[in-house]
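Data block below; observations after.
Small disclaimer: the values here were computed from a predicted structure and weren't measured. First the proteins, then the strands, lettered A, B, ... as listed; each starts at 1.
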Amino acid sequence: MISSRLFLCGPTASGKTALALALAEAWGGEIVNGDAFQLYRGLEILSAAPSKDEQAACPHHLFGIMDAEESMDAARYAALANPVIEDIESRGKTAIVVGGSGLYLKFLTHGIAEAPPGNEEIRVELENWSVDQIFRRLQELDPNEAARQNSQNRRHLSRALEICLVTGGKASELRQNFEDPALVEKLKGIALTWPREILAERIALRTQIMLESGAIDEVKALPLEAGTIRQAIGVREIEAYFSGQMTLAECEERITISTRQYAKRQRNWFRRESWLRLLDGSLPLAEQVAEVTRWD
RNA sequence: GGCUCAUUAGCUCAGUUGGUAGAGCAGGGGAUUGAAAAUCCCUGUGUCCCUGGUUCGAUUCCGGGAUGAGCCA
């Protein structure tokens, strides 16, 4: 019996798309996007989204559903993805959730904290504060939360302070432990792994191909109001290229480096998810499929 | 051929008024519950180009050599 939902994770350029497709064909499954940037329209090449042909091979969900101007977050993603996954399961199919965005996937697998969503007004205001100011204010409102945060991490501190300001309470009191063993035990997922040097080569090659096959035009076409999507690796680098601050070679080099560093963070993230089973990404696809089917 | 300047961490460079050296980037390790492809933390011993000399002691001063750049022929 094939499980009704499978999470397929791993660092960028590890071959998730190809394996997902092969699994979907073998099992008659459907693919659900678990990647923060493939949700968007407009950055298909830079985000390495599955091609039109690939998407035609089996049902794909949540790819290219957002405009570049829209902003996204993990909770909204989970609100979109959960019903889709449940629908697939209700039709007796397997939902194969593929992606590399650790936080987004975690909201699916472990649940969502009962905290308020981001508040644009507060965020804009906090942009003008120094990290120290944010930290000190958080210390006043919620010393416990301040103590567990890194005093230099603007993003994490801003979020914690935002929760305090919006709720009038304490962010630390809304924190919860999501590592419920009973829940985690039921999860099924795999993480693709590669030796570091080989993954680095794959990243370098893929970066080169992206730049040769339209990534530059994609970035040129991004609307100025684009929000979340601007954080994608490659956007800043390509903009620096066409504004003349970098040569194309430097641009390619910078994107390769950022991507490699991102892959490292992803490896950290997925390594902590001890429920994920590791699968050697360098195995031939057919063997990967056989391996996963056997585990299941 | 002559003169000048350079040669220090994988890369770009700083520095030591002579007591064997440090930044940025890269690399390595880690954090992470509504911006996450984001954000942040930890991590730097290297024939200080080689070789003689001066010195208690030279990467630092002096001589010679090598390599590179520039200028003059």
How far, in whole Å, is [M] from [N] if one measures between their [atom1] atoms?
N     : M     : atom1 : value
B/U47 : B/U59 : C1'   : 11 Å
B/G46 : B/C50 : P     : 15 Å
B/U55 : B/G65 : P     : 23 Å
B/C49 : B/U43 : C1'   : 29 Å
B/A26 : B/A21 : P     : 26 Å
B/U8  : B/A14 : P     : 10 Å

So what does A/Thr259 touch, heavy atoms closer than 4.0 Å: a base, only the sugar-phosphate, or nothing? nothing

For A/Tyr77, report the nucleic acid contact type (base, sugar-phosphate, nothing); a contact means any heavy atom under 4.0 Å. nothing

Check this for me: does any side-chain nitrogen of one of A/Arg159 and A/Glu162 sit under 4.0 Å from a carboxylate oxygen of the other? yes

Closer than 4.0 angstrom, basic N to acidic O: yes or no for A/Arg5 and A/Glu89? yes

If the glycosidic angle sits within 90 degrees of zero it is syn, else anti. Tell me which applies to B/G34. syn

Is there a donor N/O on one and an acceptor N/O on the other, under 3.5 Å, for the side chain of A/Asn153 and the base of B/A31? no

Using Watson-Crick and G-U wobble pairs with both distances under 3.5 Å, what is the 5'-to-3' dot-bracket string of RNA chain B, with [ ] for crossing pairs and | for pairs outside the strand? (((((((..((((.....[..)))).(((((.......))))).....(((((..]....)))))))))))).

So which one's nearest nucleotide on RNA chain B is more toward 5', A/Gln176 or A/Asn150? A/Gln176

Heavy-atom pair with the smallest gap, counting every atom of A/Ala240 and A/Ser243: O-OG, 3.4 Å

